[in-house]
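Worth knowing before you read on, the calculation uses all heavy atoms, side chains too, and leaves out hydrogens, waters and symmetry mates.
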Amino acid sequence: MLATLVAAWSMVGPGAEAQDRPRLVVVVSVDQLCQDYLLRFGDNFAEDGLLRRVAREGAAYTQCHHRHAFTVTAPGHAVQLTGTYPSVHGIIGNSWFDRVANKDVYCCDDASVQIIGLPRGKPMSPRNLRVETVGDVLKLASRNQSKVFGVAIKDRAAILMTGHQADAAYWLDDNLWVTSSYYRSDLPGYLRVLNEQQTIERFRGQTWDLLLPKERYHNQGPDANDWENPPKGFTSAFPHKLPGPGEGKPLDFGELVLFSPFGNELTLEAAREIVLGERLGADEHPDLLCINFSSNDYVGHAFGPHSLEVEDITYRTDRQLGEFCRWLDAQVGPGIWTLAVTADHGVAPIVEYARQFRLPARRNPLGSLSDVKNKLEARLRQHLPVGQGDPPLVQKVTDHAVYLQQDHPVLRSGAEEDRFELAQRIVRDWLLAQEGVAAASTRQELLSGGSGPLVESLRRAFDPRRSGDVLYVLAPYCVPGSRGTTHGSPWHYDTHVPLLLVGSGIRPGRFDRPVSPACLAATVAELVGVDYPSANAEAPLYEALVKPQRQ
């Protein structure tokens, strides 16, 4: 209790105004939103959109980069409100290989719970997250009187942003809003109403077309092409018409909605219902709402960062968030809320598009993962005393890691540590000899240290209990897959994301010092007057706070 009072005093302090502390903090992670879009599309953002409002009265950090190597969704969302990195929070990927069970594990898997709202849904919880979030600290400090909620199309986004003590995380499954018995035993009435009304059906027959005249768009490549990967039912070119009433299977229709700006509308609809139904921001105990815009990621994977689709959904996202801010002013009250916006990762250019500009872009530079596994197995058997009938030395190869059979008799016999380390070095050296690999490090190297930005980003991504024995990074512009694009690298296009703040307690300005989305945890803690999460590794965004403390 004393710590809570001290933290509150450090924030309010002599001369501080009550409105400097928001009663509601909303953290929005726009999945796959690149800082590059704010630069390239800047002249087309709407006057009543979020970005113009931030420019007038908010704070923008132009050099915000994720600092872990493998920039995929789950680690990126876990970073934001734990304030730390995969090496500590334990979420090293959307899934990872469990070498003991010899199977892949999803980041939010939890067989001990049930899905609420859809009995056949896959059970989820935050139990794989090893540390707490700022939402967890807020719940403890307020004796559970503050409220913490998350909502997203993606389960992992809603769950990992909110943490262990959240009142609930909600996500979309089979066109329905669901949650987990980890949080509660039933859906709240306001979400049951949305499900019963089948609100996703209101988008039947609607068309996603360009918001602006085509000549105003900066992405001027061919709209119709054969390198994009649109979902079944869409082509690579505008317009994109959704099936009408009675057309197609409901789940196929729902997937198309998610591959459009309508998916973000659906998410914001649920977010508004949470604010109203839970009376967020209505009393003296500050509340936290975490929102993820998942549709931007679906569209980016399918159409790529230089498509009309990505540019258009970016403009629409800006307007949707601008309207949401006005709604917060009307429903919660001006000067009572604070909004933070960032992203879990960026995205690589589509390989075929990048090649038009003579960039060294390649697809699957190592071949298939099974090919890599076979080649590594053969190389290891050349250098280690393995008999023909002995089991494989390589247990698993993923896009970023190689797992060795740690209990293999050859690796455990004799001078076992030396042999195990030798096997790692053989794998590392083979990977480094491949043209499409930029870096590779062994378990021992990552545990013992190293210097340089790339090695440091690998160390932040390495968890000794969940990661492989050799981690590797593909060269810039080298991506897996046969069409479309992806993310997951430590390269600039995947790490550089926006970090924006507006509302109560925020000092306007444009700041160019290097920061990370992990800075949000300490910043939110400062805003609501609680201590930082226990594993927090980054300082708050002091320049953006009206009453900065603890410098």
Mind listing the closest non-hydrogen atom pair of T486 and D494 along with its distance?
O-OD1, 4.3 Å

So Y190 and Y170, would you call those rings parallel, tilted or perpendicular, with 30° and 60° as cut-offs?
perpendicular

State, with a plain yes or no, whether a side-chain heavy atom of L50 is found less than 4.5 Å away from one of C325.
yes

Q331 versus W337: any side-chain heavy-atom pair under 4.5 Å?
no

Can you confirm whether R202 is buried at CZ, in the sense that more than 12 heavy atoms of other residues, nucleotides or ligands lie under 6.0 Å from that atom?
yes

Is D174 salt-bridged to R120, going by a charged N under 4.0 Å from an acidic O?
yes

Donor-acceptor contact present, side-chain R507 to main-chain A544, <3.5 Å:
no

Can you tell me if D283 uses its side chain to pair, donor with acceptor, with the backbone of H285 under 3.5 Å?
yes

For residues T485 and Y353, is any side-chain donor paired with an opposing acceptor at under 3.5 Å?
no

Please work out which of the three classes, parallel, tilted or perpendicular, describes the rings of F70 and H400, given edges at 30° and 60°.
parallel

Is there a side-chain contact between I153 and S295 (heavy atoms, below 4.5 Å)?
yes

Is R326 atom CZ crowded by more than 12 heavy atoms from other residues, nucleotides or ligands, each under 6.0 Å away?
yes

Carefully, step by step, assess F357 and H306 under the rule ring-ring contact (aromatic ring centres under 6.0 Å, His included).
CA-CA 12 Å; F357 298 89; H306 298 91; 7.4 Å; no

When you measure from the side chain of W208 to the backbone of L242, do you find a donor-acceptor pair of N or O atoms at a distance under 3.5 Å?
no

Atom CG of L24 and atom CG of L289: how far apart are they, to the nearest 0.5 Å?
6.5 Å

Using modelled atom types only, decide if a donor and an acceptor are shared between the side chain of K154 and the backbone of W171 within a distance under 3.5 Å.
no

Apply side chain to side chain contact (heavy atoms under 4.5 Å, CB included) to R184 and T179, showing your working.
CA-CA 8 Å; R184 52 185 300 152; T179 189; 4.0 Å; yes

Where do P243 and L256 come nearest, in terms of heavy atoms and distance?
CD-CD1, 3.7 Å

Work out which heavy atom in Y183 is nearest to a heavy atom in A169; give both atom names and the distance.
OH-CB, 3.6 Å

Under 3.5 Å, is there a donor on one side chain and an acceptor on the other for Y298 and E255?
no

Side chain proximity check, Y542 to E526, heavy atoms < 4.5 angstrom:
yes

Pairs touching residues 66-82 that satisfy salt bridge (charged side-chain N to carboxylate O under 4.0 Å, His left out), sequence neighbours left out
R67-E538

Walk me through it: do Y477 and V351 pass the test side chain to side chain contact (heavy atoms under 4.5 Å, CB included)?
CA-CA 7 Å; Y477 304 106; V351 165; over 6 Å; no

Quick one, L501 and Y61 - any side-chain contact, counting heavy atoms below 4.5 Å?
yes

Is the F41 ring parallel, tilted or perpendicular to the Y315 ring (thresholds 30°, 60°)?
perpendicular

Any chance you could measure Y37, atom OH, to T314, atom OG1, to the nearest 0.5 Å?
6.0 Å

Can you find a heavy atom in the side chain of P126 that is under 4.5 Å from one in the side chain of T162?
no

Please determine whether the number of non-hydrogen atoms from other residues, nucleotides or ligands lying under 6.0 Å from atom CZ of R56 exceeds 12.
yes

Taking the side chain as every heavy atom from C-beta outward, state whether V479 and R363 have any atom pair closer than 4.5 Å.
yes

Testing the 3.5 Å rule here: is there a donor-acceptor pair between the side chains of T317 and N296?
yes

Compare every heavy atom of R216 with every heavy atom of N44, then report the nearest pair and how far apart it is.
ND2-O, 2.7 Å

Side-chain H-bond candidate by donor/acceptor type, N292 with R156, under 3.5 Å:
no

Just so I know, are the side chains of F238 and E309 near enough to count as touching, which here means a heavy-atom distance under 4.5 Å?
yes

Distance-only, no hydrogens or angles: does the T495 side chain make a donor-acceptor pair with backbone N or O of P490 under 3.5 Å?
no

Would you say CZ of R513 has more than 12 non-hydrogen atoms from neighbouring residues, nucleotides or ligands within 6.0 angstrom?
yes

Quick one: list whatever passes side chain to side chain donor-acceptor pair (under 3.5 Å) with K147, sequence neighbours left out.
none

Electrostatic pair E352-R483, nearest N-O below 4.0 angstrom:
no

The reported gap from CG in D287 to NZ in K139 (rounded to nearest 0.5 angstrom) is 8.5 Å

With rounding to the nearest 0.5 angstrom, report the OG to CD1 distance, S180 to I159.
6.5 Å

Could you please spell out the steps behind the side chain to side chain contact (heavy atoms under 4.5 Å, CB included) verdict for L288 and S146?
CA-CA 8 Å; L288 175 64; S146 290; over 6 Å; no

Distance-only, no hydrogens or angles: does the N229 side chain make a donor-acceptor pair with backbone N or O of H301 under 3.5 Å?
no

Examine the side chains of T62 and D512 and answer whether a donor and an acceptor come within less than 3.5 Å of each other.
yes

Give me the ring orientation class for H487 and H345: parallel if the planes are under 30° apart, tilted from 30 to 60°, perpendicular past 60°.
parallel

Is the backbone of T73 close enough, under 3.5 Å, to the side chain of H77 for a donor and an acceptor to pair up by distance?
yes

Please work out which of the three classes, parallel, tilted or perpendicular, describes the rings of W327 and F324, given edges at 30° and 60°.
parallel

Salt bridge (charged side-chain N to carboxylate O under 4.0 Å, His left out) between R319 and E323: does it pass, once the steps are laid out?
CA-CA 6 Å; R319 295 188 183 202; E323 193 279 328; over 6 Å; no

What I want to check is whether the side chains of D344 and S29 have a donor and an acceptor closer together than 3.5 Å.
no

Which pair of non-hydrogen atoms, one from S504 and one from L527, has the smallest distance, and what is that distance?
O-CD2, 3.9 Å

Rounded to the nearest 0.5 Å, what separation is found between the OG1 atom of T523 and the CG atom of L499?
7.5 Å

Go through it in stages, so that I can follow the logic: the residues are V497 and H66, the test is side chain to side chain contact (heavy atoms under 4.5 Å, CB included), and I'd like the CA-CA distance, side-chain angles, deciding distance and then a yes or no.
CA-CA 8 Å; V497 297; H66 280 287; 4.1 Å; yes

Taking the side chain from Y217 and the backbone from L212, do they hold a donor-acceptor pair closer than 3.5 Å?
yes

Taking all non-hydrogen atoms of both residues, which atom of T84 and which atom of A537 are closest, and how far apart?
OG1-CB, 4.2 Å

To the closest 0.5 Å, what do you measure between CG (L39) and NE2 (H218)?
11.0 Å

Donor-acceptor pair, distance only, cut-off 3.5 Å: does the side chain of N219 make one with the backbone of P305?
yes

Residues in side chain to side chain donor-acceptor pair (under 3.5 Å) with S260, at least two apart?
none

Going by atom types only, do D297 and Q32 share a side-chain donor-acceptor pair under 3.5 Å?
yes

Hey, does the side chain of T267 reach the backbone of F293 with a donor-acceptor pair shorter than 3.5 angstrom?
no

